[in-house]
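Take a look at the structure below.
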Amino acid sequence: MRHLSLLFNGLAKSLYSGRGKLSGIDCGREAADELAREAKKNDMILKSSGTVRCEGSNSFVSVFSQRGEKGVNQDCSIVWEEFGCQEDMIFCGIFDGHGPWGHYVAKAVRKSLPPSLLCNWQEALALAALVGDKKLCQFDIWKQSYLSTCAAVDQELEKHRRLDSFHSGTTALTIIKQVITNFIYMHVTQGELMVIANVGDSRAVLATTAEDGSLVPVQLTIDFKPNLPQEAERITRCKGRVFCLHDEPGVHRVWLPNGETAGLAMSRAFGDYCLKDYGLISVPEVTQRKIINRDRFIVLATDGVWDVISNEEAVQIVSSTKERGKSAKRLVKCAVRAWKRKRRGLAVDDCSAICLFFDSSPP
């Protein structure tokens with residue numbers, strides 16, 4: 001993949017050259033798409049249940065998904081090791097579709113978001129180098145890249161000729177784990193950085209070690225439900241409505257002003273263009289976490305898991321699984337059993353999880 005790495009890194013010299021910005025971006029997206037094809041060919045991308053041992057980033061990943069009782073499984077995921085030809089970088093993403101075309105929308109976003117992010121990241125790096133902005137840190141560049149990427153992905157999705165995403169959409173929870181090194185034009189410290197971007201109500205939970213040696217959960221994302229104050233304020237300001245149905249107490253949804261279509265139980269999503277004028281957005285919340293020695297692993301899971309499993313339970317389930325490769329499967333199986341025990345009479349939701357361990361071999 002060396003020729004692709006050289007091609008991709010060469011964008012820094014061409015994006016803002018005399019050829020013009022647009023041609024540079026087009027070239028960048030082509031290079032990013034080619035990287036994705038090459039990575040898939042070399043088994044660097046996992047899009048199904050399984051495991052990934054990442055030698056370069058010293059990480060281990062367990063992935064598992066199980067269809068619920070509502071029809072086709074609308075969850076999907078991706079793990080891309082050596083993301084962007086960087087041996088010390090890994091990309092993980094989990095997507096939860098909804099609506100009649102939700103499973104197609106989720107897979108479309110899974111396909112387009114990673115290469116688009118690579119392209120925007122390289123463009124941001126090139127711009128920072130060009131203007132000589134020494135104050136820009138790695139997180140600022142990733143955040144800028146994510147904001148540009150999610151906006152572009154949502155626009156592409158709306159124009160997709162073969163997908164009807166007017167009443168269908170998907171969430172997207174992704175992370176980048178990267179070893180940070182010193183750059184000439186950036187003030188950064190060495191170590192591992194994790195950048196988390198969340199659109200929707202999937203959740204990321206970190207397991208870290210407390211003073212007494214016990215593992216404790218740290219929730220790294222917000223479940224973007226419509227009744228959150230800042231979300232509800234935006235929705236009502238855009239003439240949308242937020243309320244629960246009588247037969248769904250506690251389940252707040254976004255509704256159109258006239259209430260003619262089914263409500264959406266989240267305040268951020270890709271697609272769902274019937275609600276985009278009424279407060280629903282696809283803007284990600286982008287945060288960072290510098291990984292310290294006490295941090296052990298992170299769990300990414302769709303709301304089907306978190307609806308019935310607490311953060312504490314998830315950490316306990318994953319940490320007590322003897323074989324790391326089966327940790328995601330055990331978490332999902334526990335969630336399915338919890339659905340049948342705690343929510344009798346309701347159809348079990350799709351449940352998916354990614355467990356990213358920060359060291360490749362168990363202690």
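More than 12 heavy atoms of other residues, nucleotides or ligands lie within 6.0 Å of CZ in R237, so this atom counts as buried by the packing criterion. Around NZ of K107, the count of heavy atoms belonging to other residues, nucleotides or ligands within 6.0 Å does not exceed 12. The environment of NZ in K40 is sparse: at most 12 heavy-atom neighbours from other residues, nucleotides or ligands sit within 6.0 Å.
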*Output, in order, the C-alpha distance, side-chain angles, deciding distance and verdict of side-chain contact (heavy atoms from CB on, under 4.5 Å) for V216 and T208.*
CA-CA 6 Å; V216 294; T208 191; 3.7 Å; yes
*Take T236 and R241 through the test side-chain contact (heavy atoms from CB on, under 4.5 Å) and record every step on the way to the result.*
CA-CA 6 Å; T236 54; R241 297 182 297 163; over 6 Å; no
*Kindly indicate, with the supporting measurements, whether the criterion side-chain contact (heavy atoms from CB on, under 4.5 Å) is fulfilled by S49 and F64.*
CA-CA 4 Å; S49 298; F64 191 79; 3.6 Å; yes
*Mind running side-chain contact (heavy atoms from CB on, under 4.5 Å) on L245 and V251 for me, showing each step along the way?*
CA-CA 8 Å; L245 294 175; V251 181; over 6 Å; no
Considering only distance and modelled atom types, tabulate donor-acceptor pairs under 3.5 Å from the side chains of residues 270-279, sequence neighbours left out.
{"from": "D272", "atom 1": "OD1", "to": "H98", "atom 2": "NE2", "distance (Å)": "3.4"}
{"from": "D272", "atom 1": "OD2", "to": "H98", "atom 2": "NE2", "distance (Å)": "2.6"}
{"from": "Y273", "atom 1": "OH", "to": "D154", "atom 2": "O", "distance (Å)": "2.5"}
{"from": "Y273", "atom 1": "OH", "to": "D154", "atom 2": "OD1", "distance (Å)": "3.2"}
{"from": "Y273", "atom 1": "OH", "to": "E158", "atom 2": "N", "distance (Å)": "3.0"}
{"from": "K276", "atom 1": "NZ", "to": "D154", "atom 2": "OD1", "distance (Å)": "3.2"}
{"from": "K276", "atom 1": "NZ", "to": "D154", "atom 2": "OD2", "distance (Å)": "2.7"}
{"from": "K276", "atom 1": "NZ", "to": "A269", "atom 2": "O", "distance (Å)": "3.2"}
{"from": "K276", "atom 1": "NZ", "to": "G271", "atom 2": "O", "distance (Å)": "2.8"}

What pairs of donor and acceptor atoms, side-chain ones from residues 66-73 against any protein atom, are under 3.5 angstrom apart with sequence neighbours left out?
{"from": "Q66", "atom 1": "OE1", "to": "K333", "atom 2": "NZ", "distance (Å)": "2.7"}
{"from": "R67", "atom 1": "NH1", "to": "G71", "atom 2": "O", "distance (Å)": "3.4"}
{"from": "E69", "atom 1": "OE1", "to": "V348", "atom 2": "N", "distance (Å)": "3.2"}
{"from": "N73", "atom 1": "OD1", "to": "D75", "atom 2": "N", "distance (Å)": "2.9"}
{"from": "N73", "atom 1": "ND2", "to": "S65", "atom 2": "OG", "distance (Å)": "2.9"}

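Geometric assessment of R324 against the ring of F357 yields a positive cation-pi assignment under the 6.0 Å and 45° thresholds. Under a cutoff of 6.0 Å and an axis angle of 45°, R110 and F95 do not form a cation-pi pair.
Using modelled atom types and a 3.5 Å distance limit, the side chains of T221 and R203 yield no donor-acceptor pair. For the residue pair D96 / S202, no side-chain donor-acceptor distance below 3.5 Å is found, with atom types taken as modelled. There is a side-chain donor-acceptor pair under 3.5 Å between Q219 and N311.
Linking ILVMFWY side-chain heavy atoms closer than 4.5 Å, directly or via other members, places F139 and L117 in a single hydrophobic cluster. Clustering ILVMFWY residues whenever any of their side-chain heavy atoms sit less than 4.5 angstrom apart, transitively, puts L118 in the very cluster that holds F91. Side-chain heavy atoms closer than 4.5 Å link hydrophobic residues (I, L, V, M, F, W, Y) into clusters, and following such links, even through other members, never connects F224 to W306. Both F166 and V109 are members of a single hydrophobic cluster when ILVMFWY side chains are connected at heavy-atom separations under 4.5 Å. Note on I222: it does not cluster hydrophobically with M266, by side-chain heavy-atom contacts below 4.5 Å among ILVMFWY residues.
With sequence neighbours excluded, the residues forming a ring-ring contact (aromatic ring centres under 6.0 Å, His included) with W142 are W121, listed by chain and number. The salt bridge (Lys or Arg N to Asp or Glu O under 4.0 Å) test applied to K326 returns E323, not counting sequence neighbours. Residues meeting the salt bridge (Lys or Arg N to Asp or Glu O under 4.0 Å) test with K329, sequence neighbours left out: none. Looking at residues two or more places apart in sequence or on another chain, you find no side chain to side chain donor-acceptor pair (under 3.5 Å) involving S77. Remark: D307 engages no residue in a salt bridge (Lys or Arg N to Asp or Glu O under 4.0 Å) (not counting sequence neighbours). In this structure, the ring-ring contact (aromatic ring centres under 6.0 Å, His included) partners of Y104, at least two apart in sequence or on a different chain, are W101. With sequence neighbours excluded, the residues satisfying salt bridge (Lys or Arg N to Asp or Glu O under 4.0 Å) with R234 are E231.
R268 has no carboxylate O lying under 4.0 Å from a charged side-chain N of D201, or vice versa, which leaves the two without a salt bridge.
Rounded to the nearest 0.5 angstrom, S116 OG and Y146 OH are separated by 11.0 Å. Between the CD1 atom in I317 and the CD atom in E313 there is a gap of 6.0 Å [rounded to 0.5 Å].
The list of salt bridge (charged side-chain N to carboxylate O under 4.0 Å, His left out) pairs with a residue in residues 205-220, not counting sequence neighbours, reads E211-R294. Within the structure, salt bridge (charged side-chain N to carboxylate O under 4.0 Å, His left out) contacts touching residues 164-179 (residues at least two apart or in different chains) are K177-E192.
Remark: the backbone N or O of G99 is paired with a side-chain donor or acceptor of Q74 at under 3.5 angstrom.
Through direct or relayed side-chain contacts under 4.5 Å between Ile, Leu, Val, Met, Phe, Trp and Tyr, I281 connects to L147, V283.
Shortest non-hydrogen contact noted between D303 and K225 is OD2-NZ, 4.4 Å.
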